[in-house]
*Asks:* 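Here you go, one structure.
Each chain gets a letter, A, B and so on, in the order its sequence line appears, and its residues count up from 1. Just so we're clear, the structure is a prediction, and the values are computed from it rather than from any experiment.
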2 protein chains.
Amino acid sequence: MRALVVEDNTQAAEQISHALTEHGFAVDQCHDGEEAWFIGDTEEYDIAILDIGLPKRDGLSVLSDWRRNGNKMPVIILTARDTWRERVTGLRAGADDYLIKPFEMEELLARVEALVRRSNGHASSVLSAGSLQLDTATQRATLAGTHLDLSALEYRLLAYLMNRQNQVVSKATLTEHLYQMDFEHNSNVIEVLVNRVRKKLGTTHIQTRRGQGYLLNADE
Amino acid sequence: MRALVVEDNTQAAEQISHALTEHGFAVDQCHDGEEAWFIGDTEEYDIAILDIGLPKRDGLSVLSDWRRNGNKMPVIILTARDTWRERVTGLRAGADDYLIKPFEMEELLARVEALVRRSNGHASSVLSAGSLQLDTATQRATLAGTHLDLSALEYRLLAYLMNRQNQVVSKATLTEHLYQMDFEHNSNVIEVLVNRVRKKLGTTHIQTRRGQGYLLNADE
DNA sequence: TGGTGACTGTAAGGTTGTTGTAAGCTAAGG
DNA sequence: CCTTAGCTTACAACAACCTTACAGTCACCA
């Protein structure tokens, strides 16, 4: 899962990013409207957190431009306490949810969770694929009932694959979704990572499609 | 457990806060309706004690606004003796319980206890996780029958974890729930605290999920 | 008032798990 | 049987976490 955090206050941006990272997201930040508009239009994110009051370009106009270009990613806007009109126009401009600053990080996480789930078309917080289960709320993975001890990154990989079970996911896509954007792509991290996960899962769940990518078998 | 005390009489507020603190809560106070509405909407509490007669904004309207925004935290309202109509409207507005002033502190504590327990979905006042037991009424913890000598903070940590056993709880969440809101987040308090608790519990009960948080093992 | 002891936050240094890199190896597919 | 994509392993660097000692604070008591 990749998230974009647009917030000019770097400290706040950092806090949000950190929280999201802890919850299994790979986060990119940007700090003004111009940058936000560009990045949001060129990169692919699973969710965006967008502050409305931004330098260079207003968050609302950025958002409506995204939508005009057909970008459907879930967007949560952040507004100040007493500018409820912003919220209304924000929702009209295509925001999926809003939060009033200052807010609890947990609140943000919960809404992010809910949105991502909704946009993936899953109702509950438990993802399953055959004997594999993943509770995104408690961040635990189980295989046929027994708990799996996964590292943060391994968990992210599995979560991503389970969100698209039976689909072939290329290594490039995986790198894009698991890492920050400034990551250099020419290495075998993904292969190594898949290897580590397979050691814990058994080899059957994640299949390799040579030249195309990996896929998670939904009925194993 | 975090509690919010809304009461304009500062002395009373102080008394209540004190009692709750002694019972293992981290307490925030506020003294008028405006503030209450805002804080209750932005921070996350496990319970709120809400006086009805408040300056700036009436407690009942604050409460119904909280509920309108989907805030489901348990709320106990405080009313004067002869204003029974307030109580009715209060309960309608979404209060979970009420108390008539003046009241016994113990009475308040008992109801707070009961509500928190109910909202966590536990019937009795004893939480258990494997060989660990925690009696929230008497505030005592036992490990395989023998009493554990925990400090107030240590008790709170354990209580919080036991309320979410087998779930990964991030350090950020812990800081938010164990401390007042004005606490600076960049220190290793939680690590130190966990260390202290582990020394008394043994190391197996609280596991660390590196990069994600801690979790209390339900069957140890 | 001043002493005592428990409780907590801070800081510093040690330890350990995670993760990217690189190098050699396997096997798919022509 | 050769090429190439992917597998596997070992290793080093780093961040996350642990541990400890210390100092400030507070309540309690003489």
Side-chain angles (χ1 to χ4, degrees), chain A residues 14 17-19 21-24 26-27 139 141 148-158 161 168-215, chain B residues 14 17-19 21-22 24 26 139 141 148-158 168-180 182-215:
Chain A
E14 206 50 61
S17 305
H18 185 245
T21 308
E22 266 195 334
H23 252 242
V27 182
Q139 306 228 57
L148 283 175
D149 196 13
L150 298 176
S151 82
L153 236 197
E154 291 162 2
Y155 175 87
R156 272 196 247 155
L157 175 81
L158 198 54
L161 288 177
V168 178
V169 184
S170 76
K171 282 195 281 188
T173 326
L174 283 173
T175 347
E176 264 173 29
H177 281 260
L178 295 181
Y179 296 93
Q180 323 288 73
M181 53 191 289
D182 52 356
F183 187 81
E184 28 176 324
H185 285 57
N186 18 356
S187 94
N188 66 341
V189 251
I190 294 296
E191 289 160 33
V192 173
L193 188 56
V194 167
N195 181 261
R196 283 173 184 148
V197 174
R198 288 215 255 235
K199 272 185 187 154
K200 301 183 179 176
L201 278 190
T203 46
T204 51
H205 294 84
I206 302 177
Q207 302 182 356
T208 307
R209 288 267 176 287
R210 192 163 238 258
Q212 307 178 78
Y214 297 96
L215 81 78
Chain B
E14 206 51 61
S17 304
H18 185 245
T21 308
E22 266 193 336
Q139 303 235 57
L148 282 175
D149 195 13
L150 299 176
S151 81
L153 237 195
E154 290 163 3
Y155 175 87
R156 270 196 250 156
L157 175 81
L158 199 54
V168 178
V169 184
S170 75
K171 282 195 283 188
T173 319
L174 284 173
T175 342
E176 269 167 26
H177 280 259
L178 295 181
Y179 295 93
Q180 324 287 72
D182 53 354
F183 188 79
E184 32 174 323
H185 285 53
N186 15 359
S187 94
N188 67 341
V189 251
I190 295 295
E191 289 160 34
V192 173
L193 189 55
V194 167
N195 183 262
R196 283 173 183 148
V197 174
R198 287 215 256 235
K199 272 184 187 154
K200 301 183 179 175
L201 277 190
T203 46
T204 51
H205 294 84
I206 302 177
Q207 303 182 354
T208 93
R209 289 261 174 288
R210 200 165 241 257
Q212 307 180 85
Y214 297 96
L215 79 81

*Asks:* How large an angle, rounded to 10°, do the end axes of the helix from C/dT1-D/dA30 to C/dG30-D/dC1 enclose when each is built from five base pairs?
*Replies:*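 Between the axes fitted at each end of the helix from C/dT1-D/dA30 to C/dG30-D/dC1 lies an angle of 30°.
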*Asks:* With nearest nucleotide decided by heavy atoms, which residue, A/L153 or B/L153, maps closer to the 5′ end of DNA chain C?
*Replies:* B/L153
*Asks:* Under 4.5 Å between any side-chain heavy atoms of B/L174 and B/L193, yes or no?
*Replies:*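 When only atoms from C-beta onward are counted, B/L193 and B/L174 do not touch, as no gap falls below 4.5 Å.
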*Asks:* Is there side-chain contact between A/V189 and A/L178, with at least one heavy-atom pair below 4.5 Å?
*Replies:* no
*Asks:* For A/L150 and B/Q212, work out which heavy atoms get closest and say how close.
*Replies:*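 Here A/L150 and B/Q212 meet closest at O-NE2, 3.7 Å.
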*Asks:* Using every non-hydrogen atom in the two residues, find where B/A26 and B/R156 come nearest and quote the distance to one decimal.
*Replies:*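 So the two residues come closest at CB-NH1, 3.5 Å.
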*Asks:* Suppose we screen for side chain to side chain donor-acceptor pair (under 3.5 Å). Which residues come up paired with A/S17, at least two apart in sequence or across chains?
*Replies:*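 For A/S17 the side chain to side chain donor-acceptor pair (under 3.5 Å) partners, ignoring immediate neighbours, are A/Q29.
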*Asks:* Identify the heavy atoms of A/T208 and A/Y214 that sit nearest to each other, and give their distance.
*Replies:* OG1-CE2, 3.7 Å
*Asks:* For every nucleotide of nucleotides 15-24 of chain D, 5' to 3': is a protein heavy atom under 4.0 Å from its base (B), only from its sugar-phosphate (S), or from neither (-)?
*Replies:* BBBBBBB---
*Asks:* With A/I206 as reference, evaluate A/N195, A/V169, A/V194 under the side-chain contact (heavy atoms from CB on, under 4.5 Å) test and give the passing residue.
*Replies:* A/V194
*Asks:* Return no unless some side-chain N or O of A/S151 is found under 4.0 Å from OP1 or OP2 of C/dT19.
*Replies:* yes
*Asks:* Checking A/S170 now: which residues fulfil side chain to side chain contact (heavy atoms under 4.5 Å, CB included) with it, not counting sequence neighbours?
*Replies:*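 For A/S170 the side chain to side chain contact (heavy atoms under 4.5 Å, CB included) partners, ignoring immediate neighbours, are A/A172, A/T173.
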*Asks:* Enumerate the residue pairs fulfilling salt bridge (charged side-chain N to carboxylate O under 4.0 Å, His left out) with a member in residues 186-201 of chain B, sequence neighbours excluded, ordered by first and then second residue.
*Replies:* B/E154-B/K200, B/K171-B/E191
*Asks:* With the criterion being N/O to N/O and under 3.5 Å, what pairs connect the protein with nucleotides 26-29 of chain D, and how long is each?
*Replies:*
none

*Asks:* Whole angstrom is fine here: how far is it from CD1 in A/I190 over to P in D/dA5?
*Replies:* 17 Å
*Asks:* Please enumerate all residues that pass side chain to side chain donor-acceptor pair (under 3.5 Å) together with B/S151, with sequence neighbours excluded.
*Replies:*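 In terms of side chain to side chain donor-acceptor pair (under 3.5 Å), with neighbours along the sequence ignored, B/S151 is linked to no residue.
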*Asks:* Grab the CG-C1' distance between A/D149 and C/dT19 for me, whole Å please.
*Replies:* 15 Å
*Asks:* In whole angstrom, give the distance that lies between atom CG of A/L193 and atom C1' of D/dG6.
*Replies:*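 Answer to the nearest Å: 14 Å.
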*Asks:* If the condition is salt bridge (charged side-chain N to carboxylate O under 4.0 Å, His left out), which residues does B/D149 pass it with, not counting sequence neighbours?
*Replies:*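 Not a single residue meets the salt bridge (charged side-chain N to carboxylate O under 4.0 Å, His left out) criterion with B/D149.
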